[in-house]
Novice: 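Below is the structure I would like to discuss, written out as structure tokens.
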Protein chains: 2
Amino acid sequence: MMKKVLNNTISVDCVIFGFDFEKLNVLLVDRVLVDEKTGKELFSDLTLTGNHIFEDESLEDAAARILFDLTGLENIYLKQFGAFGDTERLLKPNDQAWLRASGRDPHSRILSVGYYSLLATEKVTLKWKGRNVKWYPVAEVTDLAFDHYTILQSALQALRRELLYEPIGFELLPEKFTLSQLQKLYEVVLGVELDKRNFRKKIARMKYLIPLDEKQKGVAHKPARLYMFSREVYEKTRKEVFDFNI
Amino acid sequence: MMKKVLNNTISVDCVIFGFDFEKLNVLLVDRVLVDEKTGKELFSDLTLTGNHIFEDESLEDAAARILFDLTGLENIYLKQFGAFGDTERLLKPNDQAWLRASGRDPHSRILSVGYYSLLATEKVTLKWKGRNVKWYPVAEVTDLAFDHYTILQSALQALRRELLYEPIGFELLPEKFTLSQLQKLYEVVLGVELDKRNFRKKIARMKYLIPLDEKQKGVAHKPARLYMFSREVYEKTRKEVFDFNI
DNA sequence: GCAAAAGTGTTAATAGTACACCCATGT
DNA sequence: ACATGGGTGTACTATTAACACTTTTGC
């Protein structure tokens with residue numbers, strides 16, 4: 001087997017979104033820099049999950065690898081949403097100290113390609129590899145290392161837009177879900193309130209949202225019917241041309 | 001003044017779209033490789049316009065620079081639409097020969113960030129710099145050097161989507177334009193036919209499309225009224241939340 | 001006067017919006 | 001029995017889709 005060589009100017013950052021039926025979360029890594037000599041903690045902050053690419057690896061493969069390393073999941077929805085290469089993106093003092101401490105040239109220019117991925121938080125059990133990785137509510141994230149806050153906002157914007165026009169919400173839900181869960185997802189991600197009856201009227205038009213003969217269990221209220229999304233039906237019934245807004 | 005240093009692993013490719021009231025065009029460069037010794041032409045093909053970035057230059061600045069070098073135009077609409085880093089993107093025989101002939105390592109990995117830009121072809125006078133740059137109808141482009149055909153298709157897809165949901169069509173037209181020109185633009189880029197009356201009814205709802213007291217001149221038919229797009233009115237009147245399609 | 005594109009209105013079907021009450025379950 | 005979220009219908013308005021003829025100009 002050939003030795004894997006990391007490309008040192010190209011990296012991939014993954015914005016891993018998770019939905020827990022209440023809010024949108026993002027997987028972040030707690031980065032702690034400890035002084036070599038004194039053993040004291042110099043700072044601690046949060047970063048997106050990312051890594052340099054291997055020389056023989058495509059960008060998408062790198063993103064899938066990062067995702068797999070953190071979650072153990074494969075075949076997860078992944079979407080490239082931008083490339084980030086500002087000249088000052090690694091120049092904040094903490095980041096410079098971090099690069100130096102990990103033996104990298106703090107003046108090197110690194111371009112990062114952003115991918116976001118979507119999954120139901122319940123799919124993931126977090127207990128990984130010394131690296132302290134946790135879900136954080138997107139709404140509560142205020143700043144991140146490097147330019148990762150910018151990247152996160154850019155991912156959010158791309159996700160919102162995608163959600164408005166493509167059937168990707170299901171990627172954030174388990175296979176079987178209730179209409180209220182789906183509605184909540186739209187409300188949380190888009191930041192709007194939707195009318196229950198109008199939402200369901202809209203759903204009723206979509207042949208690819210299939211009602212199952214199955215109900216929620218163990219809830220302290222009338223159990224909701226479960227639905228699933230059929231990509232096959234969707235592909236077959238999607239209209240060829242769309243309306244446009246000038 | 002500091003000497004400019006090119007980054008040799010990151011490049012920017014510009015997909016420069018132009019509209020001539022009839023079809024969508026793209027600026028391409030005729031690449032000719034001549035045998036050093038014999039002076040014979042080894043091959044000739046087409047590439048997108050692109051270049052490596054300077055070390056002290058942002059991606060967007062690099063794209064704007066490429067655009068300026070080719071067209072002499074500034075403040076042109078520019079949109080990043082993707083990063084292209086497949087491991088085999090430079091491995092076609094012509095491309096390998098080209099890299100070797102221009103003294104570059106044919107095995108090096110280069111990541112290219114794609115930007116597309118929009119302008120009315122009439123804005124540009126082409127007569128440039130030894131490099132043979134010309135407009136080609138997008139519909140007639142069948143293949144390009146490197147992975148540029150893939151990049152072009154990806155740009156087209158991004159443009160179509162943007163055109164469906166944002167008011168960017170005006171970037172492809174002169175400041176003053178007729179409704180038929182605008183309609184043709186939508187038809188050509190989206191590949192659809194639109195009904196004239198319904199199109200105009202829709203236009204009438206958009207306050208930011210401003211009818212001028214001015215008409216076309218020198219046309220052999222009833223001259224059309226000219227319109228312009230007001231970004232200020234658009235920004236003020238755009239609705240906060242949108243409808244969504246699941 | 002003729003060719004060429006501009007400009008204009010009605011009807012029917014579909015989709016969007018606003019809004020309030022009863023139902024099934026667990027505790 | 002009560003708290004909790006599930007589930008349903010109607011009236012009004014706005015938007016879409018289909019469709020054909022007259023007007024103004026240059027030649």
Side-chain angles (χ1 to χ4, degrees), chain A residues 19-23 164-165 167 173-174 176-188 190 192-228 237-246, chain B residues 20-23 164-165 167 173-174 176-188 190 192-207 209-228 237-246:
Chain A
F19 181 63
D20 59 9
F21 305 128
E22 290 187 359
K23 54 196 166 9
L164 280 171
Y165 306 121
L173 292 169
K176 300 169 181 181
F177 51 85
T178 72
L179 293 188
S180 293
Q181 290 167 346
L182 184 62
Q183 181 180 337
K184 185 77 180 176
L185 191 167
Y186 277 81
E187 292 180 333
V188 163
L190 300 178
V192 294
E193 288 219 335
L194 301 171
D195 177 86
K196 185 162 47 157
R197 278 176 289 189
N198 294 340
F199 183 82
R200 289 157 117 94
K201 211 188 303 175
K202 193 157 186 163
I203 295 298
R205 282 203 302 276
M206 326 212 153
K207 309 283 171 49
Y208 44 85
L209 260 177
I210 299 170
L212 304 173
D213 289 329
E214 204 174 332
K215 304 207 161 176
Q216 265 185 321
K217 274 173 195 155
V219 285
H221 53 76
K222 179 171 174 178
R225 159 166 259 151
L226 296 174
Y227 285 72
M228 59 173 289
T237 60
R238 69 185 301 174
K239 5 179 179 129
E240 267 309 297
V241 177
F242 299 91
D243 194 21
F244 61 95
N245 307 305
I246 295 193
Chain B
D20 59 9
F21 305 129
E22 289 187 358
K23 53 192 167 8
L164 280 172
Y165 306 120
L173 292 168
K176 300 171 180 181
F177 51 85
T178 72
L179 293 187
S180 293
Q181 290 166 348
L182 185 61
Q183 181 180 338
K184 184 78 180 177
L185 190 167
Y186 276 82
E187 292 180 334
V188 164
L190 300 177
V192 294
E193 288 219 335
L194 301 172
D195 178 86
K196 185 161 47 154
R197 279 176 289 188
N198 293 339
F199 183 81
R200 288 157 116 93
K201 212 186 303 174
K202 193 158 185 161
I203 296 298
R205 281 203 302 277
M206 326 210 153
K207 309 284 172 50
L209 261 177
I210 299 170
L212 304 173
D213 289 330
E214 205 174 331
K215 303 207 161 178
Q216 264 184 322
K217 275 175 195 154
V219 286
H221 55 76
K222 180 171 174 178
R225 158 166 258 150
L226 296 175
Y227 285 73
M228 60 172 287
T237 60
R238 69 185 303 173
K239 6 180 178 136
E240 268 309 296
V241 178
F242 300 89
D243 194 20
F244 61 95
N245 307 305
I246 295 194

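Each chain gets a letter, A, B and so on, in the order its sequence line appears, and its residues count up from 1.
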Novice: Can a donor-acceptor pair be found, under 3.5 Å and without considering hydrogens, that links the side chain of B:Arg225 to the backbone of B:Asp213?
Specialist: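 No, B:Arg225 side chain to B:Asp213 backbone: no donor-acceptor pair under 3.5 Å.
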
Novice: Given side chains that start at C-beta, do those of B:Phe199 and B:Leu182 come closer than 4.5 Å, heavy atoms only?
Specialist: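 A side-chain contact exists here, since the closest heavy-atom pair is under 4.5 Å.
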
Novice: Distance check needed: D:dT25 P versus B:Lys222 NZ, whole Å only.
Specialist: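 Rounded to the whole Å, the gap is 8 Å.
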
Novice: Atom CG of A:Asn245 and atom C1' of D:dA14: how far apart are they, to the nearest Å?
Specialist: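 Those two atoms, CG and C1', are 14 Å apart.
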
Novice: Using whole Å, what does the distance between atom P of nucleotide D:dG6 and atom CD1 of A:Ile203 come to?
Specialist: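 After rounding, the gap between these two atoms is 14 Å.
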
Novice: Quick check on DNA chain D: between B:Arg197 and B:Gly218, whose nearest nucleotide comes earlier from the 5' end?
Specialist: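 By nearest-heavy-atom nucleotide position, the 5'-most residue is B:Arg197.
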
Novice: Inspect the contact between B:Lys176 and B:Glu214 and indicate whether a charged nitrogen and a carboxylate oxygen are less than 4.0 angstrom apart.
Specialist: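 Salt bridge present between B:Glu214 and B:Lys176.
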
Novice: Whole Å only: how far is the CZ atom of B:Phe199 from the P atom of D:dA18?
Specialist: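 Between P of D:dA18 and CZ of B:Phe199: 16 Å.
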
Novice: Give A:Arg205 one of three labels, base, sugar-phosphate or nothing, depending on what nucleic acid heavy atoms sit under 4.0 Å from its own.
Specialist: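 Touches sugar-phosphate only.
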
Novice: Considering non-hydrogen atoms only, spot the tightest contact between A:Asp195 and A:Gln183 and give its length.
Specialist: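 For A:Asp195 versus A:Gln183, the nearest heavy atoms are C-NE2, 4.1 Å.
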
Novice: For the pair made of NZ in A:Lys196 and P in C:dC22, what is the distance, rounded to whole Å?
Specialist: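 About 14 Å, once rounded to whole Å.
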
Novice: Check every strand shown and say whether A:Lys202 touches a base, only sugar-phosphate, or nothing at a heavy-atom separation below 4.0 Å.
Specialist: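 Result for A:Lys202 = sugar-phosphate.
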
Novice: Would you indicate which nucleotide in C:dT8, D:dA17, D:dG6 comes nearest to any side-chain atom of A:Ser180?
Specialist: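 Closest nucleotide to the A:Ser180 side chain: D:dG6.
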
Novice: As a test of reading the structure: which of C:dA18, C:dG9, C:dG7 is closest to the side chain of A:Lys201, going by heavy atoms?
Specialist: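 Nearest to the side chain of A:Lys201 among the choices is C:dA18.
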
Novice: Base, sugar-phosphate, or nothing: which does B:Arg225 touch, judged by heavy atoms less than 4.0 Å apart?
Specialist: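 Sugar-phosphate, no base atom in range.
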
Novice: Taking for each residue the nucleotide of DNA chain C with the nearest heavy atom, is it A:Val219 or B:Tyr227 whose nucleotide lies nearer the 5' end?
Specialist: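 Looking at DNA chain C, the more 5' nearest nucleotide goes with B:Tyr227.
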
Novice: Whole angstrom is fine here: how far is it from NZ in B:Lys215 over to P in D:dT25?
Specialist: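 Rounding to the nearest Å, NZ of B:Lys215 and P of D:dT25 are 7 Å apart.
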
Novice: Report the distance from atom CZ of A:Arg200 to atom C1' of C:dC21, rounded to the nearest whole Å.
Specialist: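 Distance, rounded to whole Å: 15 Å.
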
